[in-house]
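The chain is numbered in sequence order, starting from 1. Numbering of ligands and ligand atoms starts at 1, following listing order. Computed from a predicted structure; not experimentally measured.
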Amino acid sequence: MAILDQGPLNYKEQLPPIILENYGKWRYHENPKPGILKHVSESGAELYSVRVGSPRLVSIDFIREICELADEFCDGYLRFTARHNVEFLVSDPAKLEPLMAKLAEKGLPVGGTGASVSNIVHTQGWVHCHTPATDSSGVVKAIMDELYDYFVTMELPAPVKISLACCLNMCGAAHCSDIAVVGVHRTPPRIDHEKIRKGTEIPSLVASCPTGAIRPNPKEKSVIVNEAKCMYCGNCYTMAPGMEIIDPENDGIAILVGGKVANARSNPMFSRMVIPFLPNNPPRWPEVTSAIRNIIETYKAHARKGEKLGEWIERIGWERFFTLTGIEFNEKLIDDFIFSRETFRTSAAFKY
Ligand code: SF4
Ligand code: SF4
C-alpha cells in the first residue's frame, strides 16, 4: 500500500501502553486534589493525569522543558487538553509526588479540574490575526494571574469556563462559556477605494457581509457601506485589505456570561452580554480583570453547590444578577438591532 503523507496518525499508535491495554475498560475517575485526576480500570490499573496550566502560544524552550518532565516521570507521555493545559500521564503512583515537587519547583501551576476556573480558551489576538478588537494572549495572561487562586483550588460552586474571542467572528467559540470576553469594534470599516480597485473581487466582498450592508459603488469602481446596517464584525476586512476596521480609540471588550455547552441538569445556553464595553488597557487590562473577579466572587458567594453560573442567574433572575454584582444595566444591553435574524428581510441579492 502506498504510504500517504496526508492526515494524522491513527491515534491508537500514540496512546500510552496503559491506556491501550485498558482501552474501553476504564470504570471511573476521581479528583483527589486540584489538578489531579485518578482513573481506575476494571483490571485494577490506575492512571493519574496531572493538569498544568499553560499558555496557548508556547516557546520551543517550554516544549523541551515539559518533554523532559514527561521523559523523567511519565515514560515520555503527555497530552494537551482542548483548553491549552498540559496533562502529564503518570502510570507509576510512586512518581506522582516527585512530579508534583518538580512542577512546584519550576513554578508550573497544577489545577483547573472540578469546581475551579479552568484554563482560558482563546483566539489569536494581536500576535497573529488582522481583525482583532483586542489582544488574546495578553488579556488572558492578565485574567489568569488575577484568578490564579481559583485555578489551583476547587472552591467555586461548579466549574467555571472562561473563553476569549478577539472579534465578533468568535473563532474561539466564546458564545457558550460561563464567562466570555469578546473584542468589539464600534466603528464601521474605513474604505480605501484605491486598495479595493487594485486587489479585491467586489462580488465576494459584497457577499461577505452578514447583514448586507455593502453594495457596489460603480462610480468609484469600489463599494459603499450602509453604516446603519453595519454591526462592526470585520468580516469584510478579511475579504479586502481596503476595508480596515481596527480603531485604537474605539475598540475594546464586551463581557458576556451564563453560557454552557453541557446538557447536564439543564439545556445548553448561550452567553448574554452584561458589560457592553471596557477599554483596551494593556498590558494588564485592569478594568477587565476586576470585572471578571467581581462576577466570580458574587457567584461564589450566592450560588448553590453544583450550580453553573448561568443556572444560578436563571434561578435568581437577571435583574437580581445586576443588583448583586453592581453592574450597571444600560440601553446597550438591549438587542434592538433591526437587522437581526428575526427581522432581517434582506440578503446581499434580494429585499423581500
Ligand atoms: Fe481573528 Fe476574530 Fe478569530 Fe480574533 S476572533 S483571531 S480577530 S477572526
Ligand atoms: Fe460591517 Fe461586518 Fe458588513 Fe463589514 S462585514 S460592513 S464590518 S457588518
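- In the hydrophobic cluster analysis, where Ile, Leu, Val, Met, Phe, Trp and Tyr join through side-chain heavy atoms closer than 4.5 angstrom, Met154 is grouped apart from Val117.
- At a cut-off of 2.8 Å, His130 is not counted among the residues with an N, O or S atom near atom 1 (Fe) of ligand 1.
- Residues Pro216 and Ile202 approach most closely at CB-CG2, 4.4 Å, considering heavy atoms.
- Side-chain atoms of Ser271 and Ser177 form no donor-acceptor pair, as typed in the model, at a separation below 3.5 Å.
- Listed by number with element, the atoms of ligand 1 under 4.0 angstrom from any heavy atom of Pro132 are 7 (S).
- Close contacts of ligand 1 with Thr131, meaning ligand atoms under 4.0 Å from a residue heavy atom, involve 1 (Fe), 2 (Fe), 7 (S).
- Listed by atom number, the atoms of ligand 1 under 4.0 Å from Gln124 heavy atoms are 6 (S).
- For atom 3 (Fe) of ligand 2, protein N, O or S atoms under 2.8 Å: 1 in total.
- The shortest distance between side-chain heavy atoms of Asn22 and His39 does not fall below 4.5 Å.
- Both tests pass for Lys12 against the ring of Tyr23: distance under 6.0 Å to the centre and angle within 45° of the axis.
- Across the listed options Gly234, Cys167, Ala207, Gly234 owns the non-hydrogen atom lying nearest to atom 7 (S) of ligand 2.
- A side-chain N or O of Asp247 and one of Thr187 form a donor-acceptor pair less than 3.5 Å apart.
- Side-chain contact annotation: Ser266 with Lys260, donor-acceptor N/O pair under 3.5 Å present.
- With 3.5 Å as the limit, one finds no donor-acceptor pair spanning the side chains of Asn235 and Ser208.
- Within the listing of ligand 1, atoms 1 (Fe), 6 (S), 7 (S), 8 (S) sit less than 4.0 angstrom from a heavy atom of Cys129.
- No option in Leu99, Val110, Asn119 other than Val110 meets the side chain to side chain contact (heavy atoms under 4.5 Å, CB included) test with Val52.
- Set against the non-hydrogen atoms of Cys166, the atoms of ligand 1 under 4.0 Å away are 4 (Fe), 5 (S), 6 (S), 7 (S).
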